[in-house]
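All chains are named by letter (A, B, ...) in the order of the sequence lines, taking the proteins before the strands, and each is independently numbered beginning at 1. Just so you know, these numbers use all the heavy atoms, side chains as well, and skip hydrogens, waters and symmetry mates.
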Number of protein chains: 4
Amino acid sequence: MSSRSANDSKRRPGGRSARVRQAVLDAAFAELGEKGYGGLSIEAVAQRSGVAKTTVYRRWPTRDELVADALDSRSDRNEPIPDTGSLRGDLKEFCEGVRAKLTSNHGKAMLKSLVAAVDQSPEIIETVERFWRERRDVGGQLIERWIRRGILRPETDADLLVEVILAPIYLRVLLPGGPLTGDVLTGFIDLALDGVLEDVTPRTDKHRSGERNL
Amino acid sequence: MSSRSANDSKRRPGGRSARVRQAVLDAAFAELGEKGYGGLSIEAVAQRSGVAKTTVYRRWPTRDELVADALDSRSDRNEPIPDTGSLRGDLKEFCEGVRAKLTSNHGKAMLKSLVAAVDQSPEIIETVERFWRERRDVGGQLIERWIRRGILRPETDADLLVEVILAPIYLRVLLPGGPLTGDVLTGFIDLALDGVLEDVTPRTDKHRSGERNL
Amino acid sequence: MSSRSANDSKRRPGGRSARVRQAVLDAAFAELGEKGYGGLSIEAVAQRSGVAKTTVYRRWPTRDELVADALDSRSDRNEPIPDTGSLRGDLKEFCEGVRAKLTSNHGKAMLKSLVAAVDQSPEIIETVERFWRERRDVGGQLIERWIRRGILRPETDADLLVEVILAPIYLRVLLPGGPLTGDVLTGFIDLALDGVLEDVTPRTDKHRSGERNL
Amino acid sequence: MSSRSANDSKRRPGGRSARVRQAVLDAAFAELGEKGYGGLSIEAVAQRSGVAKTTVYRRWPTRDELVADALDSRSDRNEPIPDTGSLRGDLKEFCEGVRAKLTSNHGKAMLKSLVAAVDQSPEIIETVERFWRERRDVGGQLIERWIRRGILRPETDADLLVEVILAPIYLRVLLPGGPLTGDVLTGFIDLALDGVLEDVTPRTDKHRSGERNL
DNA sequence: GGATAAGCGAGACGGTACGTCTCGTCTTTTG
DNA sequence: CAAAAGACGAGACGTACCGTCTCGCTTATCC
């Protein structure tokens, strides 16, 4: 994995290069967690990893590439898709997983790093997109399953649904917007599933609000 | 109001102090727009505003206070509440306004600044909360109106609804998540209003999913 | 003295600036003596003088300016003109003085520094020329005196004479050319004073060597 | 001869080793001419000669050895001894030759290299001495000839005379001391040949200055 | 209406980190 | 097995800002 890494398949998997590479990524990841993106200095990473500064620069010409690589080397792949037996239960578990990750020390640092670093380098953007795509894949499969079971309407836009449910969670991590209790998560889920309109209008009217001023 | 500013109501509104203050805030705001939060240097602000560096430090001991003050001095207050005659129209207009602000150069810089600066200083948190509260107030009043008109269910949580609709917009500004076209905004609104469940379950079952596995 | 120094007459003669300046020049001079021109690093000078590297750079933008200033701040001015009562005695004393200076640790380092640095910066050239001029002035006055006393021919070119006598001394310091004993110095002086031709030709023939193949 | 070179007579005169050796020396010599001793970097030499840096280091452990070898490989041997028919003419031609060499790009770089490198390694000292010895040999033979012809006094110290005449030339190359025109050279020669004393004292008094205060 | 205290400009200072350069060593691959 | 290729540790380079400080000068307020 980490298929974009600077010097993959260098010479030998266990050679000096590989050891150096791992030491630097570990140090960078740790520094990210402690100081955040803005506080990460190449100098500190080099020192922490016991590697010469020039070596860091040789492999990762910019800070962003290092950050992207460090985050990437730690990203969970193959996350399991919740299967609790109920739609709300699955979504709740999905959200809980996201919350757990994001509110951790590293998760928060990572998210903030991405925000700070985005639109600075394509590497970071790539990382963000992969990061985002993974969530959407898990959520998407989950939703597909409930569409097939007839609980969700067939025309449901899975990506949109995932986005609407997850966005408030992400945002509350990024900006001080109140705690992320289980109830709050349930609130997001219910709102997305049920909507808030008075239940008097046939679905077919949805986009023609007509005289009822929807 | 800027009620927190270091030396408000110093001597005279048109005195040297006031002029200096304004020049610095203008410069800081401009720099924020051009370089973003991470790229804002006190040195540059001082030079751009034609003010001695020491003067900046005297009034704004930390960079965050300066940023908060600069953002604050430009924030729109008294935003009008949309009134188009339809709920979806009002929400669309509301979202369009938010989008317009956030996707502007300054808006984006400002949002990123806030994210970067949060949990560093109480001043910033205060600014974020005021910033957020204003949106919620406008959205809240808008929603209250449509509850009173019987279009939205009385128990609707206005803050929650606003959060669910706006969060994806904010997030797409912060992370590279696709364009913010009018259709996308409509998608967010519709999902929040209508939900995505097959319309077969009475509302009262909402929290007891029962055998239908909602 | 040191009339070209970066920031003369800064604020106060005993202020922090002056102290810093002196500390740096002392350190630079010492480093020059120990490591020579090529081995002098700004970093080392800064550390040795207990001054921040940036401060050194602020006052002496280039290494050469620092070197020139350091050498300059130590150069003896107002050297006494020997007066032993005899021409050869005066010249011997003059040469002994030059030798003593040049063969000292610092003298040698300084001379080599000048050679290495010359044709790199005008500052250094200026220093070399002042350095050289001082010698020529002393020697020149000495020689003038003996011209007036009728021992040296009136048309004697003082500068030329000084150059011919001193050059071998300088060169033996710069290149490994044998020891500089008192006898060697006397040899240079005698040769310059007496010449080596068979003493059969009238002076007036000097530049018309004629049939005698001079 | 280059008898000191690291790996002389390695494989075969035309083998890879020899080709590499020559390429490196050529490149080093060229770099010396262009950048001078101080500006010569092993890295540049390696690149210029199309050879791996490690190869250079293997054969010439220090920069000085490389420089010495490069200079040595180009030094003129078997310089002709001038024979113009007059002493002054011979010396003039001799001096012109020296001047021509030293004021050339390579000559100057070489001389400065020697000064800079001396007392760093025995190899360099050896080179300097050979370099110096060659001059003295040529000058010495020239002078011997004119002693035999009765123009110069028999007790003339040839080495001393050569040194006194050449030293100012060398020095003017090393330090900014004015141009080296033909007249200046003639001045050095005349002074050394004729001396500058009023011509009233018998040679035998030379070292007993007596009442006339020589 | 002239002292007087503040705010201000100017800029030196000790620091930290930057990203680059060259050094000389060491390891790994190639011919 | 030696040359080639190039990663590595080391450390100086010169720059940019940081936040602190001292110093005179200019204000505008208060006596």
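Distances shown here put every side-chain N or O of A:Arg63 at or beyond 4.0 Å from the OP1 or OP2 atom of E:dC18. At the phosphate of F:dA4, OP1 or OP2 sits under 4.0 Å from a side-chain N or O atom of D:Thr55. D:Arg58 has a side-chain polar atom (N or O) that falls below the 4.0 Å cut-off from OP1 or OP2 of F:dA3. Contact annotation: A:Arg19 does not reach the phosphate of F:dC8 (side-chain N/O to OP1 or OP2, under 4.0 Å).
The side chain of D:Tyr57 sits closest to E:dC23 out of F:dG9, F:dG14, E:dC23. For C:Val20, counting side-chain heavy atoms from C-beta on, the closest listed nucleotide (F:dA7, E:dG14, E:dG7) is E:dG14. For A:Ser41, taking side-chain heavy atoms from C-beta onward, the closest of the listed nucleotides E:dA17, F:dT20, F:dC8 is E:dA17.
Rounded to whole Å, the distance from CZ on D:Arg59 to C1' on E:dG24 is 18 Å. If you measure from atom CG of C:Asp64 to atom C1' of F:dC13, you get 15 Å, rounded to the nearest angstrom. Atom pair B:Leu66:CG and F:dG19:C1' shows a separation of 14 Å (rounding to whole Å applied). Rounding to whole angstrom units, CD of residue A:Gln47 and C1' of F:dG9 are separated by 13 Å. Atom CZ of A:Arg48 is separated from atom P of F:dG9 by 18 Å (rounded to the nearest Å).
For the pair D:Leu25/D:Leu66, a side-chain contact is recorded, criterion being any heavy-atom separation below 4.5 Å from C-beta on. A heavy-atom distance below 4.5 Å is found between the side chains of B:Asp64 and B:Tyr37.
For the pair A:Thr54 and B:Lys53, both in contact range of DNA chain E, the more 5′-proximal nearest nucleotide belongs to B:Lys53. Two residues, C:Glu43 and A:Ala52, neighbour DNA chain F, and the one matched to the more 5' nucleotide by heavy-atom proximity is A:Ala52. Between A:Val51 and D:Gly50, the one whose closest nucleotide on DNA chain F sits nearer the 5' end is D:Gly50.
By the 6.0 Å contact criterion, CD on A:Gln47 is open, its count of non-hydrogen atoms from other residues, nucleotides or ligands being 12 or less.
When all heavy atoms of B:Leu32 and B:Val67 are compared, the pair lying nearest together is CD1-CG1, 3.9 Å.
Between the OH atom in C:Tyr57 and the OG1 atom in C:Thr62 there is a gap of 10.0 Å [rounded to 0.5 Å].
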